[in-house]
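Worksheet for the structure shown next.
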There are 2 protein chains.
Amino acid sequence: MRLYNIDHVGLAVFDLDAALAEYERLYGIRPLYRETVASQDVEEAMLPLGGSFVQLLQPLSKDGPVGRFLERNGEGMHHLAFAVDDIDAALKELAGEGVRLIDQEPRPGGRGAKIAFIHPKTLSGTLVELVELPDDH
Amino acid sequence: MRLYNIDHVGLAVFDLDAALAEYERLYGIRPLYRETVASQDVEEAMLPLGGSFVQLLQPLSKDGPVGRFLERNGEGMHHLAFAVDDIDAALKELAGEGVRLIDQEPRPGGRGAKIAFIHPKTLSGTLVELVELPDDH
C-alpha cells in the first residue's frame with residue numbers, strides 16, 4: 001500500500017458558518033468545496049492549504065459519528081485522512097494484517113471520493129480515514 | 001499572514017519506537033527526522049507524507065504539555081501545525097485580532113524551526129501551532 005499524501009485533517013465544529021468566517025478573518029483561507037455528505041451525516045467544507053485540506057465538519061444530527069463525537073468531546077480534531085491510490089487493495093491488505101476496520105468496504109465521501117475509516121485502536125488512538133480520490137482530482 | 005501548508009499533524013504516543021514500528025509495518029513509512037525537543041519536553045519523529053509530516057510525540061516527563069495531554073486523554077491527535085513564512089509577523093497580527101496566544105514569542109522547535117502555539121479556544125477547539133522553517137528546509 002502506498003499512502004502518498006495527508007489528504008485532510010477533519011475538525012468537528014458546531015457551527016460551520018462561524019468556523020469558516022474565523023478561518024477567513026484570521027488566516028485569509030476560503031473553502032474550495034462545501035457539500036452535504038449523507039454517508040457521514042455531515043455538512044463539510046474543505047479549506048485548501050498546500051497540497052492538503054483542513055476539513056470542517058458540522059453534524060446534521062446528534063446521532064451520527066460527528067454528532068456523537070461533539071457531544072462527548074466538544075469541538076476539536078476528529079480524524080486524519082491519508083490519500084491512497086487503491087482503497088480496495090489497501091483495505092484488503094490492512095485486514096490481512098489483522099487491523100480493525102470500521103468500514104470493511106469503501107463508502108462515498110465528499111468530492112466523489114471513496115473513503116473508509118480505520119479504528120483508532122490501530123494507530124496510536126487516531127481515527128484514520130483512507131481516501132481514494134476520483135481520477136479528475 | 002499567509003499560511004502556505006499543513007506542516008504537520010502532531011500525535012501524542014506513549015511509546016515512540018512502537019508507534020514507528022507500526023507505521024512502517026502497516027504503511028511502509030519511515031521517519032525523516034527524529035530528535036529531542038527540549039522546549040516541548042518530547043522526543044519526536046517526523047514521518048514524511050506528500051508535502052507534510054505526521055509527527056509522533058513521546059513525552060520525556062509527565063509534567064510537560066504532551067505528558068499532561070496523555071494523562072488526560074490517552075493517545076491521539078494533539079495539534080495541527082501550519083507553516084508560515086514570518087512567525088513574528090503572524091503572532092503580532094493574531095494578537096492584534098484579539099487571538100489568545102499560548103506563546104507570545106516563538107520558541108525553538110524541531111528541525112531548527114521557530115514555533116508558537118495558539119490557544120485551542122481560538123479556532124474550534126483545535127490546538128494550532130505555527131511553524132517557520134529555517135531557510136534550508
Side-chain angles (χ1 to χ4, degrees), chain A residues 1-16 18-20 22-23 25-29 47-58 69-70 73-84 90 93-94 96-99 118 120-128 130, chain B residues 1-16 18-20 22-23 25-29 47-58 69-70 73-84 90 93-94 96-99 118 120-128 130:
Chain A
M1 174 181 2
R2 198 174 68 87
L3 303 186
Y4 65 86
N5 197 17
I6 293 179
D7 182 74
H8 64 266
V9 182
L11 312 183
V13 301
F14 286 112
D15 183 335
L16 185 55
L20 287 172
E22 276 299 270
Y23 266 92
R25 182 175 77 88
L26 295 178
Y27 298 119
I29 306 175
L47 298 163
L49 203 46
S52 305
F53 291 92
V54 172
Q55 178 189 61
L56 300 178
L57 298 160
Q58 178 185 322
F69 175 91
L70 279 169
N73 305 288
E75 296 189 324
M77 286 192 280
H78 179 261
H79 69 268
L80 175 57
F82 297 131
V84 293
E93 196 177 322
L94 289 172
E97 294 284 350
V99 165
I118 300 169
K121 286 286 169 207
T122 298
L123 214 58
S124 314
T126 296
L127 177 61
V128 166
L130 300 182
Chain B
M1 177 181 358
R2 197 174 70 86
L3 302 186
Y4 65 85
N5 197 18
I6 294 179
D7 181 73
H8 65 266
V9 182
L11 313 184
V13 301
F14 286 113
D15 183 335
L16 184 56
L20 286 172
E22 276 299 270
Y23 267 91
R25 183 175 77 89
L26 296 177
Y27 298 119
I29 306 174
L47 297 163
L49 204 46
S52 304
F53 292 92
V54 172
Q55 179 189 62
L56 300 178
L57 298 161
Q58 178 185 324
F69 175 90
L70 279 169
N73 305 288
E75 295 190 324
M77 286 194 281
H78 179 262
H79 69 269
L80 175 57
F82 298 131
V84 294
E93 196 177 321
L94 289 172
E97 294 284 349
V99 165
I118 300 168
K121 287 283 170 211
T122 298
L123 214 57
S124 314
T126 296
L127 177 61
V128 167
L130 300 181

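Just so we're clear, the structure is a prediction, and the values are computed from it rather than from any experiment. The sequence lines fix the lettering, A, B, ..., with proteins before strands; numbering per chain opens at 1.
Nearest heavy-atom pair, B:Ala19 versus B:Leu56, reported as atom, atom and distance to 0.1 Å: CB-CD1, 3.9 Å. The two residues B:Phe69 and B:Gly74 have their closest heavy-atom pair at CE2-O, 3.6 Å. When every heavy atom of A:Gln58 is checked against every heavy atom of A:Leu16, the shortest pair comes out as OE1-N, 2.7 Å. For the residue pair A:His8 and A:His79, the shortest heavy atom distance occurs at NE2-NE2, 3.0 Å.
Of the two parts of B:Phe53, only the backbone, made up of N, CA, C and O, holds a non-hydrogen atom closer than 4.5 Å to a non-hydrogen atom of chain A. Of the two parts of B:Leu94, only the side chain, counted from C-beta on, holds a non-hydrogen atom closer than 4.5 Å to a non-hydrogen atom of chain A. For A:Tyr4, the part lying under 4.5 angstrom from a heavy atom of chain B is the backbone only. Of the atoms belonging to A:Ile29, it is side-chain heavy atoms, and not backbone ones, that fall under 4.5 Å from chain B. Using a 4.5 Å cut-off between heavy atoms, A:Leu26 contacts chain B through both its backbone and its side chain. The part of A:Ile118 that comes within reach of chain B is its side chain, from C-beta onward, which places non-hydrogen atoms under 4.5 angstrom from that chain. Within the 4.5 angstrom heavy-atom criterion, only side-chain atoms of A:Val99, from C-beta onward, approach chain B.
Without hydrogens or angle criteria, B:Gln55 side chain to B:Leu11 main chain gives no donor-acceptor distance under 3.5 Å.
Between chain B and the residues A:Val13, A:Leu127, A:Ile6, the most heavy-atom pairs under 4.5 angstrom are made by A:Ile6. Counting heavy-atom pairs closer than 4.5 Å to chain B, the top residue among A:Leu49, A:Val9, A:Leu80 is A:Leu49. Between chain A and the residues B:Ser52, B:Pro48, B:Ala83, B:Gly50, the most heavy-atom pairs under 4.5 angstrom are made by B:Gly50.
To the nearest 0.5 Å, atom NE2 of residue A:His78 and atom OG of residue B:Ser124 are 14.0 Å apart. Taken to the nearest 0.5 Å, the CZ atom of A:Phe14 stands 5.5 Å off from the CD atom of A:Glu75.
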